Amino acid sequence: RKARKDGYKKGDILMKIRLDGTKEEATKFAEDLEMYYDVIRVSRFCPNTRDRKSKEGRIYIEAKLSYIDKSGNLVRI
């Protein structure tokens with residue numbers, strides 16, 4: 001079976017995660033998640049628009065229900 005361009009195959013189960021915070025906080029946490037989880041997609045930072053003065057926003061992440069163990073092996077949940 002061919003892998004899809006976005007990194008997952010039909011039948012894979014994905015987690016959808018929303019990170020809220022400042023651009024720096026959300027970006028750092030998204031980078032940390034990529035070290036431990038099989039992250040498929042990370043959105044760009046989307047600033048909150050209701051309060052124009054807010055520096056906060058969100059990043060959306062899609063990851064497979066798997067993780068990378070201490071030995072560097074991919075473990076499916």
Side-chain angles (χ1 to χ4, degrees):
R1 183 187 312 180
K2 282 186 175 180
R4 292 170 46 156
K5 288 183 182 179
D6 49 15
Y8 63 96
K9 296 180 240 127
K10 184 178 180 181
D12 284 341
I13 300 171
L14 299 179
M15 291 186 284
K16 293 188 178 187
I17 304 165
R18 176 180 163 159
L19 303 175
D20 290 306
T22 65
K23 185 174 185 176
E24 294 77 22
E25 292 168 341
T27 301
K28 172 70 172 112
F29 198 80
E31 290 169 358
D32 289 348
L33 282 175
E34 288 183 284
M35 292 174 45
Y36 299 102
Y37 291 93
D38 192 8
V39 173
I40 302 301
R41 186 177 300 127
V42 178
S43 75
R44 64 177 177 76
F45 180 76
C46 304
N48 292 338
T49 56
R50 289 187 183 186
D51 181 6
R52 301 271 183 221
K53 296 177 184 177
S54 176
K55 294 182 179 183
E56 294 189 352
R58 59 215 172 274
I59 291 178
Y60 297 95
I61 295 175
E62 287 186 28
K64 288 184 185 177
L65 282 178
S66 55
Y67 64 94
I68 299 169
D69 68 13
K70 291 180 182 179
S71 301
N73 300 312
L74 184 66
V75 179
R76 288 185 175 256
I77 296 174

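Source: prediction; values computed, not measured. Only heavy atoms go into these numbers, but all of them, side chains included; no hydrogens, no water, no symmetry mates.
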According to a hydrophobic-cluster definition based on side-chain heavy atoms being under 4.5 Å apart (Ile, Leu, Val, Met, Phe, Trp, Tyr only), do Ile59 and Ile17 belong together?
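Per the 4.5 Å side-chain linkage, Ile59 and Ile17 are co-clustered.
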
With the 4.5 Å side-chain cut-off for hydrophobic clustering, are Tyr60 and Phe45 part of the same group?
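No, separate clusters.
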
Is it true that a side-chain atom of Arg58 and a backbone atom of Leu19 form a donor plus acceptor pair closer than 3.5 Å?
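Looks like no, no N/O pair under 3.5 Å.
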
Nearest-0.5 Å distance that lies between atom CD in Glu25 and atom NZ in Lys55
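With rounding to 0.5 Å, CD (Glu25) is 11.5 Å from NZ (Lys55).
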
Spacing of OG belonging to Ser43 relative to NZ belonging to Lys16, to within rounding of 0.5 Å
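These two atoms lie 12.0 Å from each other.
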
Does Arg18 have any side chain to side chain donor-acceptor pair (under 3.5 Å) partners at least two apart in sequence or in another chain, and if so, which?
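Testing Arg18 for side chain to side chain donor-acceptor pair (under 3.5 Å), a comparison that skips the adjacent residues, returns Asp20.
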
For Asp32, enumerate each residue passing the side chain to side chain donor-acceptor pair (under 3.5 Å) test, keeping only those at least two apart in sequence or located in another chain.
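Lys28.
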
I would like to know whether Glu62 and Val39 meet side-chain contact (heavy atoms from CB on, under 4.5 Å); could you show each step before the answer?
CA-CA 6 Å; Glu62 287 186 28; Val39 173; over 6 Å; no

Output all residues satisfying side chain to side chain contact (heavy atoms under 4.5 Å, CB included) with Asp69, sequence neighbours left out; order by chain, then residue number.
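Asp69: side chain to side chain contact (heavy atoms under 4.5 Å, CB included) contacts with Tyr67, Ser71, Asn73, Val75.
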
Step through the shown structure and confirm whether more than 12 heavy atoms of other residues, nucleotides or ligands are within 6.0 Å of OH on Tyr37.
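Not more than 12 within 6.0 Å, no.
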
Write down the atom of Asn48, the atom of Ser54, and the distance for their closest heavy-atom approach.
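Here Asn48 and Ser54 meet closest at ND2-OG, 4.2 Å.
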
Lys64 versus Leu14: any side-chain heavy-atom pair under 4.5 Å?
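Lys64 vs Leu14: side chains touch.
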
